[in-house]
Amino acid sequence: MYKVYEIKKRVFEDNDREADKMRGELRANRTFLMNLMSSPGSGKTTTLKRTIEALKDEMRIGVMEADIDSAVDADAISETGVKVIQLHTGGMCHLDADMTRQGLEEMGTEDIDLAILENVGNLVCPAEFDTGAVKNVMILSVPEGDDKPLKYPLMFQVSHCLLINKTDALSCFDFDFRACEERVHRLNPEMKIIPISAKTGEGMEEWYDWLREQVREWNSGK
Amino acid sequence: MHELGIIVHITKTLQSVAEENHLTEIASVTLEVGEVSAIVPDYLTDCWQYYRKKIPLIEHAEMNIEVMPAITFCQSCEKTYPTVDYGRQCPHCGSWETWLVTGDECNIREIEAQ
Ligand SMILES: Nc1nc2c(ncn2[C@@H]2O[C@H](COP(=O)(O)OP(=O)(O)OP(=O)(O)O)[C@@H](O)[C@H]2O)c(=O)[nH]1
Ligand SMILES: [Mg+2]
Ligand SMILES: [Zn+2]
């Protein structure tokens, strides 16, 4: 005989708990985990490469790449000489806390100050699954348009820093910074917004400063 | 696929519930899915049909989805309104000081099992 069992549980509950547990462990380990998200092609890998080159002499960096089915990005990052591993998402559109934990274990966090996760290119799914990262950073690139906050609100709500990339291409697109900023801050008043060009390097110093400060604060254990 | 990831998580939860309650067969699963949860019920059922075949515990389980309406509360005039029709701006007073009361949930409500 079948019986009815009341469950009353959020689907993301187990994942959220796992993610919190991981943040605790990262803190104890003095490792800062940053989760980088964007649409496909917004410039995650290009931005990372430049960021790593700029910071690798002052902190120990490790990168986890989550392409669905290739190792192209991992190869590009490994040119910088930092530790990089390829995560296996099994065809999934996002990473959850379990998969991130497996990646961190494979990479090892003992000798890493800044661990970076390049999430799967997608603005919907990664936003729903907490990876256990200390901070979420997202990239929106100029060609994608200033209306993205209206279409993908959750991603903008869960992120701490927004990089508006490809500012070198501004003249070709009618991207309205003021409108975009207003939309973003309406969803998330705390969001740090930094316009950059990962190609020319414009604006990158401000971004490095923000990241440095986050890593320093977290790893100081205060 | 986004919905497949959700199904995998649901299945994990069901497996631990089954273990706790010594259940071997689940006949149905009822979910509550909010109107603005970014989950498409049809995709979710499609993924379920595909995924359940791999797991004996849920092999024959039907998935029922109850769609929960999205309602937003306005801080300025203290009225509520349907989110899907008006978004974040209050249709009563024009304020943006609003927050979602219900409608973004994705819950497992109950199962039938033995
Ligand atoms: N003009 C311009 N092009 C850029 C900039 N940043 C990246 N690109 C180009 O945009 C394309 C995609 O960049 P990637 O860094 O591979 O983007 P991604 O987000 O890692 O892409 P996926 O991993 O496939 O989702 C490449 O051709 C880059 O050269 C920029 O600031 N300006
Ligand atoms: Mg990439
Ligand atoms: Zn109002």
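In what follows, every chain begins at residue 1, and chains take the letters A, B, ... in the order their sequences are listed. Just so it is clear, the model here is predicted, and its values are computed rather than measured.
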With heavy-atom distances below 4.5 Å as the criterion, would you say the side chains of A:Ile77 and A:Glu65 are in contact?
yes
Going by distance alone, is a donor N or O of one side chain under 3.5 Å from an acceptor N or O of the other, for A:Asp14 and B:Thr13?
yes
Are side-chain N/O atoms of A:Thr45 and A:Glu118 paired as donor and acceptor at under 3.5 Å?
yes
Please determine, among A:Arg10, A:Lys3, A:Glu13, the option with the most heavy-atom pairs under 4.5 Å with chain B.
A:Lys3
Does a side chain donor of either A:Asp96 or A:Asn15 reach within less than 3.5 Å of an acceptor in the other side chain?
no
Output for pair (A:Asn165 CG, A:Leu162 CG), nearest 0.5 Å, gives 10.5 Å
Which atoms of B:Ser37 approach chain A - backbone, side chain, both or neither, heavy atom under 4.5 Å
backbone
Find out whether the Lys NZ or Arg CZ of A:Arg27 is both under 6.0 angstrom from the six-membered ring centre of A:Trp218 and within 45° of the ring's axis.
yes
Answer with side chain, backbone, both or neither: which region of B:Glu97 has an atom nearer than 4.5 Å to a non-hydrogen atom of chain A?
neither
Top contributor to chain A contacts, counting heavy-atom pairs under 4.5 Å, from B:Leu14, B:Val17, B:Leu23
B:Leu23
Chain B heavy atoms under 4.5 Å from A:Phe129: which part of the residue, side chain, backbone, both or neither?
side chain
Interchain contact, B:Val8 with chain A, by part (heavy-atom threshold 4.5 Å)
side chain
Of the backbone (N, CA, C, O) and the side chain (C-beta and beyond), which part of A:Asn122 lies under 4.5 Å from a heavy atom of chain B, both, or neither?
neither
